A.B. asks: 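The structure that follows is given in the form of structure tokens.
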Amino acid sequence: MEITIKIFRYDPEKDERGHYETYVVEGDENDRVLDVLELVKGKTDGSLAFRRSCAHGVCGSDAMRINGRNHLACKTLVRDVGANITVEPLLGLKVAKDLIVDMEPFFDNYKKMLPYMINDSPLPADGKERLQSPEQRARFDESTKCIMCAACTTACPSYWASDEYYGPAAIVAAHRFIFDSRDEGASQRLHILSETDGTARCHTAYNCTEACPRDIKITKAIGEVKMAMITGKLD
Amino acid sequence: MANVHQFDVVVVGGGGAGLMAGLYASKTAKTAVISKMYPTRSHTGAAQGGISAALGNYEEDKPEWHMYDTVKGSDYLGDQDAIEFMTNEAIDAVLELEHMGLPFDRTPEGRISQRPFGGHTNNETGKPVRRAAHAADRTGHMILQTLYQQCLKNKVNFFDEYQVLDFIIVNGKAAGVVAVQLSTGELHTIHAKAVIFATGGYGRIFEVTSNAYAYTGDGPAILFRHGIPLEDMEFFQFHPTGIYKLGILITEGARGEGAVLINDKGERFMPKYAPTVKDLASRDVVSRAVYTEIKEGRGIGGKNFVYLDIRPETVNKFAALDGRTNPDGSPVLITGDTVLLKIPDIVDFCRVYLGVDPVTQMMPIQPTAHYAMGGIPTNKFGEVVIDDKGTAFPGLFAAGECACVSVHGANRLGTNSLLDIVVFGKHAGLKAAEYSKTVEFEKLPEDAESASRSEFEALRTGPGKANVYDLSNEMKKVMFSEVGIYRNEKDMQSALEKVRQLKKQFKDITVSDTGKIFNTELLNAWELGNLLDIAEVVALSALNRKESRGGHSREDFPDRDDKNWLKHTLVWKKNDKLEIGYKPVVITKHQPKARVY
Ligand SMILES: Cc1cc2nc3c(=O)[nH]c(=O)nc-3n(C[C@H](O)[C@H](O)[C@H](O)COP(=O)(O)OP(=O)(O)OC[C@H]3O[C@@H](n4cnc5c(N)ncnc54)[C@H](O)[C@@H]3O)c2cc1C
Ligand code: SF4
Ligand code: FES
């Protein structure tokens, strides 16, 4: 079938501002949008720039706006979006070239969440694992799925309004540890998130949850973090 | 040379092996980790099923059994000293990951949960044993996240989105690497006393593969061009269950949970090929079985695929027939929810890419190129060894899929790679840091970046007759069909010639993008050069080995030949010619015998 794909193009070494180019390629309805981009790059314009690696939705490289919504190009099939496709870079992060945005601010926010296990208590005397029940493990399962693709944060109106906001992805990272029964750093993270750039900026727009390619219930997770802040309880 | 940085140890690669190396080296030495992608995007994150260790959390298990299974799985080509070292370290390695915060699934008692995997057995009964520690079907994702988090905690220096192009040698010793910063196109020289390569695999030489776009063999190719040999490159693992046409992996964990393979006649065919462990035989065995079914006309509708069936009714039926029980002795009775709980990502892949729901429908699968057993030769400390006498290259280390220790021999057991990257990543890091204390920095050459600059220059100014996309597709097709699951002299000869011809055409490439910022076209072209170099070595090594062993199956030499071929292959590049040599296999406890499952 014939696929028409309109792509945002911006080369900082040549262009004053971004513009759109339209390409027509021969493809299949089962092709991923990523396959279509590869085809355009391979056959028509080699200079087209986008990130990708795993090609099956697990590495988080190729989040972009497809027909106006954030998706992973490798997890979106032509049959889902139709033969007329518009592809643009994520909003809210600076465009470096074409579909590539500057991810540094995004990773910086992640790093602010103390995203690692904090537990200074001695390990079990037998040297084995710290025990955790299946129920305790299930408590934070959702937020372990995050692949840091930035689809959520860059779909968030609060983040567009102020990029000082840590953003939903960072809160998901904090959630993953706050509710892990083995972790002892919850109060530090809750404190960080109670600052002005933390959860207070979330106005439950749900855009994040809708954008997440890992189906993480982000708004719910943020709600749980807010609740923990109020009640001081972690269950 | 405007951009020069200095570190005691530099690690090339931010996957599981590189992060572990970086974490351990940075404890005592000034260390940097360089990665062409943000580390969290490394392919370790794609690993699904589990990491092996004889924890025995459900049933009796021992490191000795793990060792024997790995030796047998390797078709006796694995070096037994290294295998024993790895399986002995396995338990502590997995516990250390847990202590770092890795969210393993749990047993009812709160211990790390484990599942069966192909080739892992109770050595007394021969039955599958639960040895694969797992976190749903995203164990690799959790390992990658956890190690990255630990590196942040320990303030490891990262160069994210810098791609290493060259290895600097001064006075026969490692002296650093040259890298390009993707966002600016600037070259950087990283001056170091010790260099650890951990760049992952090179499955992108094949058409149907579970491997990421980034799996272009950069590390092995760079070193190979510097005269360092590559070991056992003929051994590439084809995983039996890739999603039809796309190659996306469906973890062996699915069969661990009871799924079975079904042909066009509706028949469960694995018992014909592996009467004892059936669908949980070693990967090479299952891939050949699938291929044979297809070749003999029993693919679904006569096509190139068969079904993998994890529908609860099927799983329960065959579990009862096989006498499989739960750890507490009760009969296996799974439901649709069990499937969703145990392999949620697989369910998602099937729904998204195939429109198939594994709870109620069968999954179309075909073998997919999956894992490189061969690579940069190392000993168990990660030191790169450059000949048959174990001579180490001063200051050069490698770990992970790009390395060949060799613990996987002719065929890797599932879950042993995640173990490999953690164990040998750690030891490479420790050894490199230790080495860096014993030497001074070598003086950098006048222009360390000149070779990289001219490689780029050549790609930018070729006559423009060839196109990266087409050349790369041609290479992948010929490698998959002629140096694939079954091989023979005639096909491999033709593949080798084809690859050599493509290498000539590659010289004619022109990159149209003249910019510096994120010039992915230039980098993809450079990567294709690596893939072609690797493909040539794979085809040559395969053509040269006149026997069948593990992942290398020859129609014209169907049997294993221990008399002539119980040895590792080494291939060097010398004066633009490829030279083949060998080195002995280390055999300690287990003498080779026939391999039946
Ligand atoms: C789909 C899939 C499922 C798997 N499941 C399992 C499993 O269940 N159990 C198991 O044991 N094994 C599994 N494996 C195998 C295992 O995941 C890999 O072999 C292992 O993770 C490789 O780790 P690594 O650290 O060597 O490489 P990677 O994690 O791939 O890391 C390579 C790193 O090198 C960097 N790099 C590469 N080239 C350059 C360069 N030129 N310059 C700078 N940086 C560079 C990349 O950016 C990346 O950070 C699976 C593999 C696949 C593909
Ligand atoms: S929460 Fe979802 S959308 Fe946000 S970064 Fe993680 S995976 Fe992406
Ligand atoms: S390429 Fe990895 S998520 Fe799309």
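Letters A, B, ... are given to chains in the order of the sequence lines, protein chains preceding strands, and every chain is numbered from 1. From a predicted model like this one, the values you see are computed outputs, not experimental measurements.
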A.B. asks: For the candidates Leu152(B), Leu95(B), Val94(B), which exhibits the highest count of non-hydrogen atom pairs separated by less than 4.5 Å from chain A?
C.D. replies: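 If we count pairs closer than 4.5 Å to chain A, Leu95(B) comes out on top.
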A.B. asks: Chain B heavy atoms under 4.5 Å from Leu48(A): which part of the residue, side chain, backbone, both or neither?
C.D. replies: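 Just the backbone, heavy atoms under 4.5 Å.
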A.B. asks: Using non-hydrogen atoms and a 4.5 Å limit, figure out which bit of Glu38(A) sits close to chain B: side chain, backbone, both or neither.
C.D. replies: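 Contact with chain B involves both backbone and side-chain atoms of Glu38(A).
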A.B. asks: Taking side chain as everything from C-beta outward and backbone as N, CA, C, O, which of these in Pro12(A) sits under 4.5 Å from a heavy atom of chain B? Side chain, backbone, both or neither.
C.D. replies: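 Just the side chain, heavy atoms under 4.5 Å.
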A.B. asks: I want to check something: taking the side chain as every heavy atom from C-beta on, are His99(B) and Arg182(A) in contact at a cut-off of under 4.5 Å?
C.D. replies: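 His99(B) vs Arg182(A): side chains apart.
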A.B. asks: Taking Lys75(A) first and then Asp348(B), would you say they form a salt bridge - that is, a charged N and a carboxylate O separated by under 4.0 Å?
C.D. replies: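 Counted as a salt bridge, because a side-chain N and a carboxylate O are separated by less than 4.0 Å.
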A.B. asks: Could you tell me which portion of Glu104(A) (side chain, backbone, both or neither) has an atom closer than 4.5 angstrom to a non-hydrogen atom of chain B?
C.D. replies: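 For Glu104(A), the contact with chain B is made by backbone and side chain together.
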A.B. asks: Given that the side chain runs from C-beta out, which part of Arg137(A) has a heavy atom under 4.5 Å from chain B: side chain, backbone, both or neither?
C.D. replies: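 Side chain only.
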A.B. asks: Look at Leu354(B), Asn57(B), Asp513(B), Asn519(B) and state which one has the largest set of heavy-atom pairs under 4.5 Å with chain A.
C.D. replies: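 That would be Asp513(B).
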A.B. asks: Output, in order, the C-alpha distance, side-chain angles, deciding distance and verdict of side chain to side chain donor-acceptor pair (under 3.5 Å) for Lys41(A) and Thr520(B).
C.D. replies: CA-CA 10 Å; Lys41(A) 185 176 175 66; Thr520(B) 52; 2.8 Å; yes
A.B. asks: In terms of the angle between their ring planes, are Tyr148(B) and Tyr110(A) parallel, tilted or perpendicular, with boundaries placed at 30° and 60°?
C.D. replies: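 Answer is parallel, since the angle falls under 30°.
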A.B. asks: Any chance you could measure His141(B), atom NE2, to Cys146(A), atom SG, to the nearest 0.5 Å?
C.D. replies: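 The NE2 atom of His141(B) sits 7.0 Å away from the SG atom of Cys146(A).
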A.B. asks: To the nearest 0.5 Å, what is the distance between CG on Asn211(B) and OG on Ser53(A)?
C.D. replies: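 It comes to 9.5 Å.
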A.B. asks: Taking only Lys NZ, Arg NE, NH1 and NH2, and the carboxylate oxygens of Asp or Glu, determine whether Glu98(B) and Lys128(A) approach each other closer than 4.0 Å.
C.D. replies: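 Looking at Glu98(B) and Lys128(A), the cut-off is not met.
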A.B. asks: Nearest 0.5 Å, please: how far is NE2 in His56(A) from CZ in Phe349(B)?
C.D. replies: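 Answer for the CZ-NE2 pair, Phe349(B) versus His56(A), is 4.0 Å.
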A.B. asks: Using a cut-off of under 4.5 Å for heavy-atom pairs, which of Asp102(A), Asp215(A), Leu131(A) has the most such pairs with chain B?
C.D. replies: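 Of the candidates given, the most pairs with chain B belong to Leu131(A).
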A.B. asks: Looking only at atom types and distance, does a side-chain atom of Arg52(A) sit under 3.5 Å from a main-chain N or O of Tyr213(B), one as donor and one as acceptor?
C.D. replies: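 Such a contact is absent between Arg52(A) side chain and Tyr213(B) backbone.
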A.B. asks: With a 4.5 angstrom heavy-atom cut-off, which part of Asp98(A) approaches chain B: side chain, backbone, both or neither?
C.D. replies: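 Nothing of Asp98(A), per the 4.5 Å heavy-atom cut-off to chain B.
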A.B. asks: With a 4.5 angstrom heavy-atom cut-off, is it the side chain or the backbone of Phe50(A) that approaches chain B, or both, or neither?
C.D. replies: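 The backbone, not the side chain.
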A.B. asks: For the backbone of Lys516(B) and the side chain of Glu13(A), can you confirm whether one donor and one acceptor N or O come within less than 3.5 Å of each other?
C.D. replies: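 Side chain of Glu13(A) to backbone of Lys516(B), a donor-acceptor pair under 3.5 Å: yes, one is there.
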A.B. asks: Give a yes or no on this: more than 12 heavy atoms of other residues, nucleotides or ligands lie within 6.0 Å of atom CZ of Arg69(A).
C.D. replies: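 Not more than 12 within 6.0 Å, no.
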A.B. asks: For Val352(B), is it the side chain, the backbone, both or neither that has a heavy atom under 4.5 Å from a heavy atom of chain A?
C.D. replies: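 Both parts, heavy atoms under 4.5 Å.
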A.B. asks: Working to the nearest 0.5 angstrom, can you tell me the gap between Phe518(B) CZ and Ser47(A) OG?
C.D. replies: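 The distance works out to 14.5 Å.
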A.B. asks: Evaluate side chain to side chain contact (heavy atoms under 4.5 Å, CB included) for Gln145(B) paired with Tyr116(A), printing each intermediate quantity in order.
C.D. replies: CA-CA 9 Å; Gln145(B) 295 279 328; Tyr116(A) 37 77; over 6 Å; no
A.B. asks: Among Lys111(A), Arg214(A), Gln136(A), Lys14(A), single out the residue with the greatest number of heavy-atom pairs under 4.5 Å to chain B.
C.D. replies: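 Going by pairs under 4.5 Å, I would pick Arg214(A).
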A.B. asks: Hey, could you give me the CZ/CG distance between Arg32(A) and Leu246(B), rounded to the nearest 0.5 Å?
C.D. replies: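 Arg32(A) atom CZ to Leu246(B) atom CG measures 5.0 Å (nearest 0.5 Å).
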A.B. asks: Quick one: which of Pro108(B), Pro103(B), Ser512(B), Ala525(B) has the most heavy-atom pairs under 4.5 Å with chain A, could you say?
C.D. replies: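 Of the candidates given, the most pairs with chain A belong to Pro103(B).
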A.B. asks: Using a 4.5 angstrom heavy-atom cutoff, name the option from Leu55(B), Leu102(B), Leu522(B), Leu97(B) with the most pairs to chain A.
C.D. replies: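 Highest number of heavy-atom pairs under 4.5 Å: Leu102(B).
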A.B. asks: With a 3.5 Å distance limit and no angle check, can you tell me whether Glu129(A) reaches the backbone of Arg111(B) through a side-chain donor-acceptor pair?
C.D. replies: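 Flag not set: sc Glu129(A) to bb Arg111(B) has no pair under 3.5 Å.
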A.B. asks: Looking at Lys245(B) and Asp28(A), is any side-chain nitrogen of the basic one under 4.0 Å from a carboxylate oxygen of the acidic one?
C.D. replies: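 No salt bridge links Asp28(A) with Lys245(B).
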A.B. asks: Salt-bridge test for Asp470(B) and Lys43(A): reply yes if a basic N is under 4.0 Å from a carboxylate O, no otherwise.
C.D. replies: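 Yes, this pair counts.
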A.B. asks: If you define the side chain from C-beta out and look only at heavy atoms, does anything of Asp160(B) sit under 4.5 Å from Phe107(A)?
C.D. replies: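 Result no, sub-4.5 Å side-chain heavy-atom pair not found.
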A.B. asks: Looking only at non-hydrogen atoms, find the nearest pair between Arg79(A) and Gly355(B) and report the distance.
C.D. replies: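 Looking at all heavy atoms of both residues, the closest pair is NH2-N, 4.0 Å.
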A.B. asks: Would you check if the side chain of Arg41(B) reaches a backbone N or O of Gly60(A) as a donor-acceptor pair within less than 3.5 Å?
C.D. replies: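 Such a contact is found between Arg41(B) side chain and Gly60(A) backbone.
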A.B. asks: Which region of Asn524(B), side chain (C-beta onward) or backbone (N, CA, C, O), has a non-hydrogen atom less than 4.5 Å from a non-hydrogen atom of chain A, or is it both or neither?
C.D. replies: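 Contact with chain A is through the side chain of Asn524(B) alone.
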A.B. asks: Would you mind checking which part of Thr107(B) comes under 4.5 Å of any heavy atom in chain A, side chain (CB onward), backbone (N, CA, C, O), both or neither?
C.D. replies: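 Contact with chain A involves the backbone of Thr107(B) alone.
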A.B. asks: Supply the atom-to-atom distance Gln132(A) CD to Arg106(B) CZ, rounded to the nearest 0.5 angstrom.
C.D. replies: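 These two atoms lie 5.0 Å from each other.
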A.B. asks: If you count heavy-atom pairs under 4.5 Å between each of Leu144(B), Ile248(B), Thr146(B) and chain A, which one has the most?
C.D. replies: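 Maximum pair count with chain A is reached by Ile248(B).
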A.B. asks: Counting heavy-atom pairs under 4.5 Å to chain B, which of Val58(A), Asp35(A), Leu77(A), Thr144(A) comes out on top?
C.D. replies: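 Answer, by heavy-atom pair count under 4.5 Å with chain B: Thr144(A).
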A.B. asks: Flag yes if more than 12 heavy atoms outside Lys217(A) fall under 6.0 Å of its NZ atom; otherwise flag no.
C.D. replies: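 Counting other residues, nucleotides and ligands, NZ of Lys217(A) stays at 12 neighbours or fewer.
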A.B. asks: Quick check for you: among Gln150(B), Glu161(B), Met37(B), which has the greatest number of heavy-atom pairs under 4.5 Å with chain A?
C.D. replies: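 That would be Glu161(B).
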A.B. asks: Which answer fits Met142(B), side chain, backbone, both or neither, if we ask what part of it has an atom under 4.5 Å from a heavy atom of chain A?
C.D. replies: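 For Met142(B), side-chain heavy atoms alone lie under 4.5 Å from chain A.
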A.B. asks: Take atom CD in Glu16(A); do more than 12 heavy atoms of anything else shown fall under 6.0 Å from it?
C.D. replies: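 No, the 6.0 Å shell around CD holds no more than 12 heavy atoms from other groups.
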A.B. asks: Please state whether the side chain, the backbone, both or neither of Ser133(A) comes within less than 4.5 Å of a heavy atom of chain B.
C.D. replies: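 Contact with chain B involves the backbone of Ser133(A) alone.
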